[in-house]
Amino acid sequence: MLDSYQKNYDAIVIGCGHAGVEASLALARLGHKTLAVTLSLDAIAFMACNPAIGGTAKGHLVREIDALGGQMGISSDNNLLQIRMLNMGKGPAVQSLRGQADKTLYHHYMKKIMETQENLDILQGEVAELLTSNGKVIGIKTTLNQDFYCDAIVVCTGVYLNAHIIIGDNVTKTGPNGFSRATKLTDSLISLDIPTRRFKTGTPARVDKNTINFDVMQIQRGDDNIYPFSFMSEGYIPNKEVCYLTYTTQKTKDIIMANIDRSPLYNGSIHSIGPRYCPSIEDKVMRFADKERHQIFIEPESSLTNEMYVQGMSSSLPFDVQLEMYKSVIGLEKVKIMRFAYAIEYDCIDSLCLTPYLMTKHIKGLFLAGQLNGSSGYEEAAAQGLIAGINASLYLKNKKPLVLTRDSSYIGVLIDDLVTKGTNEPYRMMTARAEHRLILRQENADKRLTPIGREVGLVNDERWEKFCEKKQNCLQISSMLTKTLPPKDFKDYFESIGEPIPHNGLSYKDMLKRSNVDCNSMTEFFDDLKGIDKRCFEEVATDIKYEGYLNKQKNIIGDINKLEDKLLHENIDYNSISGLRIEARQKLDKIKPLNLGQASRISGVSPADITVLMVYLAKNKI
């Protein structure tokens with residue numbers, strides 16, 4: 001651990017949340033002597049909000065982090081209480097893993113990983129100043145006037161910069177969960193001409209499990225036979241706990257409406273911008289006044305505590321209103337609150353000051369990652385931390401930075417959105433943000449990114465051998481599926497699944513293109529498919545089923561690359577272009593971009609809108 005006389009490092013990481021952990025581990029594993037400075041050792045990889053990993057689009061990020069050689073996937077698999085696959089009734093592009101993590105064990109697991117990592121020292125302390133010289137970082141100064149020197153810094157301060165916890169009219173100058181906040185670093189960022197802003201997020205109350213009436217709630221069980229987050233994990237994750245679904249009532253609505261003037265969100269106490277896609281319960285009631293009730297999920301925080309997380313009821317209302325409000329929810333009539341819900345305001349930066357590899361444009365060696373960049377969520381933070389750590393390493397080695405493209409990964413979409421479009425609210429990853437989401441499925445994250453992780457140096461021999469073995473299995477299965485069978489060999493199978501029987505023979509590949517055919521039923525019926533690697537089979541089968549759509553997306557990607565600098569005439573009538581969203585029409589008509597590249601970077605113009613413009617240009621031969 002830390003040598004008290006150690007002053008010089010290759011790199012320093014500020015903050016040990018989900019971004020800081022990935023950045024620190026990446027740098028250390030890539031051979032750089034690294035110092036990680038955190039406000040509290042007890043907050044390493046701490047889950048201040050929902051103790052869950054993954055979710056819609058977020059599960060994709062975790063798989064991609066893992067494919068590159070990051071830590072989050074492995075740590076999640078080792079500390080899950082429940083795992084589910086979301087959107088199973090929809091197409092494979094939007095299916096995402098979500099795991100309910102053991103909050104306490106996850107923190108301890110990550111802390112031990114950090115403590116035992118070669119090349120990594122950890123120090124509890126507060127960084128007061130970033131030291132620079134001639135446009136480059138040279139080190140940091142702590143509030144104890146300790147100076148540490150380095151050639152690269154990754155700042156991952158999360159929501160701790162000048163944080164305020166808000167419950168009604170009570171404002172406490174502290175970070176999440178009572179952890180200390182950072183009070184000095186914002187001034188240092190401002191002095192370096194890094195633009196800052198004020199964002200807000202929040203979290204629900206934690207309630208006593210023993211005071212909940214689960215009998216009137218719907219049980220939400222995990223899924224069996226679901227592959228875990230990490231490609232390194234063997235077998236399936238056992239489900240240890242259940243979650244519950246319940247609802248607010250008319251009484252809930254009445255209580256909130258009667259006390260809305262006491263809400264900091266509505267009485268002017270909170271001026272910062274909160275997340276649109278994760279609103280507080282009072283915001284939901286006001287915005288959706290016609291809705292009679294709202295879904296509420298009751299989820300365990302840890303196997304070591306009775307605290308339950310009330311997902312869907314984040315709030316900053318006064319404590320007395322919260323007591324009344326939570327008891328109006330079905331099944332919570334006698335509930336005891338153990339920790340009150342709160343809003344948190346914090347400083348972050350304008351991400352437009354960053355390059356696509358997360359280094360500031362005007363200060364060499366200074367990388368920023370995580371919620372500091374205006375994003376929200378553990379997964380978004382970890383993804384940025386990993387890329388920032390990798391690029392800090394490449395910077396130290398004087399090598400070309402790694403920039404993941406939008407057609408290569410959700411991580412590429414996330415970072416491109418932040419540094420090209422910016423964000424005026426806490427940014428949340430969603431599948432709708434990825435225009436090539438059918439290509440960016442979670443099960444093929446290793447095929448897309450593990451070779452990149454290997455080239456960078458984060459993918460070790462064990463992971464690489466496992467990847468190569470899977471790749472070879474997929475190739476063998478693809479070859480096997482070209483086998484053609486006469487109708488008599490699949491007649492009974494087609495009859496059992498309701499598929500019309502053709503007169504001619506079919507290959508397994510042709511069968512998979514039929515709507516009622518799936519991997520499970522095929523492996524049960526055909527002897528030569530029994531014992532096949534199911535994970536590889538499912539991936540290959542998806543590519544086969546959606547071959548036409550995938551080819552179309554690949555062609556679109558090629559067109560995007562060709563037309564990125566295509567000129568847009570100022571006389572184009574954007575309001576007449578079918579398929580453009582209203583916001584996009586308004587922004588494009590007002591700004592009149594000169595080319596597609598500029599148009600794609602306008603806030604409010606989505607990748608899907610750019611695709612519509614490309615089709616318009618092609619059809620009109622402009």
Side-chain angles (χ1 to χ4, degrees), residues 46-52 103 159 163-179 181 199-209 211-212 243-249 251-267 269-270 272-288 293-302 305-346 371 376-378 426:
F46 182 73
M47 296 181 179
C49 197
N50 193 351
K103 180 176 187 172
V159 299
H164 288 172
I165 298 294
I166 303 167
I167 303 175
D169 58 3
N170 182 274
V171 179
T172 307
K173 295 181 178 181
T174 184
N177 208 55
F179 292 122
R181 65 176 189 159
F199 274 2
K200 176 198 79 73
T201 186
T203 190
R206 274 63 167 180
V207 299
D208 187 347
K209 179 179 181 178
T211 62
I212 300 174
C243 300
Y244 297 87
L245 169 64
T246 186
Y247 295 91
T248 61
T249 62
K251 185 177 180 181
T252 313
K253 184 176 180 180
D254 292 342
I255 292 168
I256 293 171
M257 296 292 286
N259 291 278
I260 200 64
D261 60 322
R262 299 181 64 193
S263 168
L265 286 175
Y266 287 89
N267 63 19
S269 300
I270 291 179
S272 51
I273 302 170
R276 187 191 327 173
Y277 302 104
C278 188
S280 66
I281 187 63
E282 55 264 39
D283 202 19
K284 285 191 281 190
V285 165
M286 295 298 291
R287 284 167 54 186
F288 308 104
R293 63 179 188 174
H294 296 274
Q295 284 187 335
I296 302 298
F297 293 92
I298 309 298
E299 300 169 331
E301 290 250 304
S302 169
T305 179
N306 282 334
E307 291 181 77
M308 301 291 283
Y309 181 87
V310 189
Q311 186 192 153
M313 286 197 76
S314 65
S315 177
S316 58
L317 284 164
F319 80 93
D320 58 313
V321 180
Q322 289 191 37
L323 286 169
E324 190 179 1
M325 177 182 72
Y326 276 94
K327 289 185 177 183
S328 69
V329 174
I330 296 172
L332 301 185
E333 292 84 0
K334 297 181 179 180
V335 77
K336 291 183 179 179
I337 294 178
M338 299 176 73
R339 303 181 199 239
F340 285 99
Y342 63 81
I344 180 170
E345 288 187 312
Y346 56 94
Q371 286 191 255
S376 68
Y378 312 139

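Just the heavy atoms: all of them, side chains too, but no hydrogens, waters or symmetry mates, feed the values below. Position 1 is the first residue of the sequence, and the numbers go up from there.
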Looking only at atom types and distance, does a side-chain atom of K103 sit under 3.5 Å from a main-chain N or O of M47, one as donor and one as acceptor?
yes
In short, I344 meets G175 closest at the heavy-atom pair CD1-C, 4.4 Å
With no hydrogens and no angle check, is any side-chain donor or acceptor of T248 less than 3.5 Å from a backbone partner on H294?
yes
Using only atom types and a distance under 3.5 Å, with no angle test, would you say the side chain of E282 pairs donor to acceptor with the backbone of S263?
no
Closest non-hydrogen atom pair between P264 and S316, with its separation
CD-O, 3.2 Å
Quick check: do I296 and Y244 have side-chain heavy atoms less than 4.5 Å from each other?
no
Donor-acceptor under 3.5 Å (E333 side chain, G331 main chain)
yes
Between G202 and S314, what is the shortest heavy-atom contact and its length?
C-CB, 4.1 Å
Would you say that L265 contacts K200 through its side chain, given a criterion of any heavy-atom pair below 4.5 Å between the two side chains?
yes
Donor-acceptor check, side chain of T246 to backbone of I330, threshold 3.5 angstrom: yes or no?
yes
Could you tell me whether the side chain of Y342 and the main chain of H164 form a donor-acceptor pair under 3.5 Å?
no
Would you say V171 and I165 make side-chain contact, with heavy atoms under 4.5 Å?
no
Of all heavy-atom pairs between C243 and E299, which one has the smallest distance, and what is that distance?
SG-CG, 3.8 Å
Please check if the number of heavy atoms outside D261 that lie under 6.0 Å from its CG is greater than 12.
yes
More than 12 heavy atoms of other groups within 6.0 Å of F319 CZ
no
Does Y326 reach the main-chain N or O of I337 with its side chain, forming a donor-acceptor pair under 3.5 Å?
no
Could you tell me if the side chain of L332 sits less than 4.5 Å from the side chain of M308, heavy atoms only?
no
Counting N and O atoms only, with roles assigned by atom type, does the side chain of R181 sit under 3.5 Å from a partner on the main chain of F179, one being a donor and the other an acceptor?
no
Side-chain heavy-atom pair M257, M286 within 4.5 angstrom cut-off:
yes
Side chain of S315, backbone of L317: donor and acceptor closer than 3.5 Å?
yes
Restricting to non-hydrogen atoms, name the atom on P279 and the atom on K284 that form the minimum distance, rounded to 0.1 Å.
CG-CG, 3.4 Å
Heavy atoms only: give me the nearest S328-T249 pair and the separation to one decimal.
O-OG1, 2.8 Å
Can you tell me if E307 and S302 form a side-chain donor-acceptor pair at under 3.5 Å?
no
Do Y309 and R206 have side chains that approach each other closer than 4.5 Å (heavy atoms only, starting at C-beta)?
yes
